There are 2 protein chains.
Amino acid sequence: MLAIGTVARRTGIKIPTIRFYEQEGLIEAPPRTESGRRLYSAHAVRRLSFIRHARDLGFELDDVRSLLDLSDQPDRTCADVDQIARLHLDEVEARIERLRALKRELTRIVSSCAGGKTAECRIIEALADHEHCAAPHPTPAKAVKKRRKSPKSSKKHRM
Amino acid sequence: MLAIGTVARRTGIKIPTIRFYEQEGLIEAPPRTESGRRLYSAHAVRRLSFIRHARDLGFELDDVRSLLDLSDQPDRTCADVDQIARLHLDEVEARIERLRALKRELTRIVSSCAGGKTAECRIIEALADHEHCAAPHPTPAKAVKKRRKSPKSSKKHRM
DNA sequence: TCTACATTTTCTAGTCACTAGAGGATCAAG
DNA sequence: CTTGATCCTCTAGTGACTAGAAAATGTAGA
């Protein structure tokens with residue numbers, strides 16, 4: 001049985017996040033020592049790794065929940081799992097496509113900079129004027145996802 | 001001078017979001033009618049369109065703020081603007097790359113399903129075991145960004 | 001054994017960029 | 001004059017964490 005810090009190191013999930021997952025019911029509340037510290041079994045660690053991996057792959061917590069439920073009932077057909085993954089794959093493909101359109105426009109914008117003053121800066125013009133877009137990029141709802149920013153230090157982002 | 005609803009329709013930014021931008025200092029507080037309703041000038045509408053477009057392109061509000069500051073001081077060199085856009089382009093390219101790795105792995109996972117029971121489901125196995133990854137996909141910090149979910153109806157997502 | 005430091009506990013509140021809803025005032029059209 | 005659209009302010013909620021406080025506990029070295 002491992003302490004939470006060890007589990008965190010082993011799974012790459014931060015300590016508060018592990019507690020958060022417990023609170024959200026993604027993992028069971030683990031047994032405790034006499035003094036109240038959490039103790040994790042190898043099984044719990046595997047479950048956490050599963051969650052981590054699924055999250056890395058872009059599954060939302062709700063998706064992860066479904067996946068975990070499915071794997072808890074080993075007589076369900078694999079088709080459900082497959083469907084979740086497949087849906088997700090479609091989303092990923094769509095996202096790649098949108099990002100590529102975005103990249104095209106950004107490239108166009110960046111390369112239009114001639115090193116002058118902002119008064120005649122093409123980037124600002126291009127941003128001010130949606131009409132000039134080469135590619136019809138994402139409509140309101142499907143615009144570019146923003147990253148999370150750490151308060152100090154550098155940005156990290158998941159995509 | 002236009003009412004907020006008209007501006008919303010014209011820029012594609014929702015009314016509460018316009019007010020939010022005002023509160024965040026991205027746009028000046030507009031003049032009001034006697035009864036307190038906001039009235040926007042053509043200039044304000046252009047500024048909002050600028051914000052909208054930059055947001056669509058994935059710039060964070062802080063980036064947008066810098067861009068706006070820059071465009072407000074027309075004697076600054078264009079280089080600052082270019083740098084922001086260029087940095088952003090780098091991020092977009094990195095994101096595309098990560099998404100492609102992700103797609104490879106998802107494809108592998110999906111295609112491994114043979115229609116059996118979850119007990120022998122490869123998807124779950126694949127998710128449980130990070131080691132089996134074909135491509136070394138994103139490390140903790142740069143995992144896949146999750147989408148925003150509308151409360152009812154379907155997921156929308158910006159990326 | 002003492003001390004120092006690391007680790008853990010619970011709790012609350014903050015992040016980003018909005019979005020939703022309540023409850024009320026004001027406006028334009030019929 | 002009434003109806004319904006639009007607007008106002010305010011608070012609270014979203015997802016998936018992350019940060020910090022204050023206190024208890026564990027462990028390693030002197």
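Below, chain A is the first sequence line, B the second, and so on; all start at residue 1. No experiment lies behind these values; they were computed from the predicted model shown. What's counted below: heavy atoms across the whole structure, side chains too, no hydrogens, waters or symmetry copies.
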Does D:dT9 have its OP1 or OP2 closer than 4.0 Å to a side-chain nitrogen or oxygen of B:R38?
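The answer is yes; a side-chain N or O of B:R38 sits under 4.0 Å from OP1 or OP2.
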If only side-chain N and O atoms of B:S35 are considered, is one of them under 4.0 Å from the OP1 or OP2 phosphate oxygen of D:dC7?
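For B:S35, the contact criterion (side-chain N or O under 4.0 Å from OP1 or OP2 of D:dC7) is not met.
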Enumerate, atom names and distances included, each donor-acceptor pair closer than 3.5 Å involving a side-chain atom of residues 23-36 of chain B, sequence neighbours excluded.
{"from": "B:R32", "atom 1": "NH1", "to": "B:G36", "atom 2": "O", "distance (Å)": "2.7"}
{"from": "B:T33", "atom 1": "OG1", "to": "B:S35", "atom 2": "N", "distance (Å)": "3.3"}
{"from": "B:T33", "atom 1": "OG1", "to": "B:S35", "atom 2": "OG", "distance (Å)": "3.0"}
{"from": "B:T33", "atom 1": "OG1", "to": "B:G36", "atom 2": "N", "distance (Å)": "3.3"}
{"from": "B:T33", "atom 1": "OG1", "to": "B:R37", "atom 2": "N", "distance (Å)": "3.0"}

Non-neighbouring partners of B:R9 that pass salt bridge (Lys or Arg N to Asp or Glu O under 4.0 Å), sequence neighbours left out:
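Partners of B:R9 under the salt bridge (Lys or Arg N to Asp or Glu O under 4.0 Å) test: none.
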Please name all residues satisfying salt bridge (Lys or Arg N to Asp or Glu O under 4.0 Å) with A:R10, sequence neighbours left out, ordered by chain then number.
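Applying salt bridge (Lys or Arg N to Asp or Glu O under 4.0 Å) to A:R10 gives none.
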Would you indicate which nucleotide in [options] comes nearest to any side-chain atom of [X]?
X     : options                : answer
A:E60 : D:dG26, D:dA16, D:dT6  : D:dA16
B:I15 : C:dC27, D:dC7, D:dT18  : D:dC7
A:R55 : D:dA16, C:dT19, D:dT18 : D:dA16

Heteroatom pairs (N/O) under 3.5 angstrom, protein to nucleotides 28-30 of chain C:
none

Which heavy atom of B:I15 sits nearest a heavy atom of B:G5, and at what distance?
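The pair with the smallest heavy-atom distance is CD1-CA, 3.9 Å.
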Roughly, in whole Å, what's the span from [atom1] in [X] to [atom2] in [N]?
X     : N      : atom1 : atom2 : answer
B:K14 : C:dT19 : NZ    : P     : 4 Å
B:I13 : C:dT19 : CD1   : C1'   : 15 Å
A:D62 : D:dC17 : CG    : P     : 12 Å

DNA chain C: 5'-proximal contact among A:L39 and B:T17 (nearest heavy atom):
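This one resolves to A:L39.
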Using the closest heavy atom to pick a nucleotide of DNA chain C for each, name whichever of B:R65 or B:E34 lands nearer the 5' end.
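It is B:R65, whose closest nucleotide lies nearer the 5' terminus.
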Quick one, which residues of residues 2-10 of chain A touch DNA chain D with a heavy atom under 4.0 Å?
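By residue number: none to list.
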Using the test side chain to side chain contact (heavy atoms under 4.5 Å, CB included), find all partners of [X] that sit at least two apart in sequence or belong to another chain.
X      : result
A:A3   : A:T6
B:R100 : A:I96, A:R100, B:I96, B:E97, B:R104
B:S66  : B:I84

Less than 4.5 Å apart, side chain to side chain, heavy atoms only: is that true for B:R55 and B:Y21?
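The answer is yes; the side chains approach within 4.5 Å.
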Heavy-atom side-chain contact between B:T11 and B:Y40 under 4.5 Å:
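Sidechains of B:Y40 and B:T11: no contact.
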Test B:R65 against B:L61 for side chain to side chain contact (heavy atoms under 4.5 Å, CB included), laying out the working first.
CA-CA 6 Å; B:R65 229 182 292 269; B:L61 283 195; 4.3 Å; yes
Say you draw a straight line from CD of B:E22 to CZ of B:R19; how long is it, rounded to the nearest 0.5 Å?
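Answer for the CD-CZ pair, B:E22 versus B:R19, is 9.0 Å.
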Of the residues in residues 18-33 of chain B, which ones touch DNA chain C at a heavy-atom distance under 4.0 Å?
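Those residues whose heavy atoms fall under 4.0 Å from DNA chain C, taken from residues 18-33 of chain B in numerical order, are B:F20, B:Y21.
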